[in-house]
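Model, not experiment: these values are computed from the prediction. Read the numbers this way: they start at 1 and go in the same order the structure lists the ligands and their atoms.
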Amino acid sequence: MAYSYDDQNIFAKILRGESPNQTVEETEHTLAFADIYPQAPVHVLVIPKGPYVCFDHFAAEASDAEIADFHRVAAKICADLNVSPGGGGDGYRTISNAGEAGVQEVPHYHMHILGGRPLGRMLQPAS
Ligand code: 5GP
């Protein structure tokens, strides 16, 4: 696997405190904050603090502690924001775009958590 991480991306700047964010949750390994252009009433981005480009980079190279923490934070947000079906919420969707075909805009791994309205089908048919 050959990923090179661009530390000038906007999420790297947020992690360094050079750009503001609306923090939802923060731990030793993970930061979660509101998406600046929300696509749903709940739209939170969960990012690892480490320099990982996308999902498969993170899953292959992050430590077990980073991976566990990331997912625990994501689950806590689903519960705290009342979208978890297990807690009586209506449900949510997690999305992680990677690379060109995945239309990833920011090259720092992130998971979108979307909810608070019916989200429609996962993908539109190709046109
Ligand atoms: P991607 O297309 O890479 O999966 O999603 C990147 C997301 O980052 C988009 O939903 C976009 O609205 C969000 N975003 C881009 N720049 C900023 C920023 O400066 N602050 C925050 N909070 N979100 C951002």
Worksheet item: What residues come within 4.0 Å of ligand 1, counting heavy atoms only?
Response: I10, F11, I14, F33, A34, D35, I36, Y37, L45, N97, V103, Q104, E105, V106, H110, H112

Worksheet item: Which residues satisfy the side chain to side chain donor-acceptor pair (under 3.5 Å) test with E18, sequence neighbours excluded?
Response: R16

Item to complete: Could you tell me whether the side chains of H43 and Y37 share a donor-acceptor contact shorter than 3.5 Å?
Response: no

Worksheet item: Can you say whether the rings of H71 and F58 are parallel (under 30°), tilted (30 to 60°) or perpendicular (over 60°)?
Response: tilted

Worksheet entry | Residues forming a side-chain contact (heavy atoms from CB on, under 4.5 Å) with F55, sequence neighbours excluded | A59, S96, Y109

Discussion item. Please tell me whether Y52 and E66 have a donor and an acceptor in their side chains that are separated by less than 3.5 angstrom.
Written reply: yes

Worksheet item: Under the side chain to side chain donor-acceptor pair (under 3.5 Å) test, which residues partner K49, sequence neighbours left out?
Response: E26

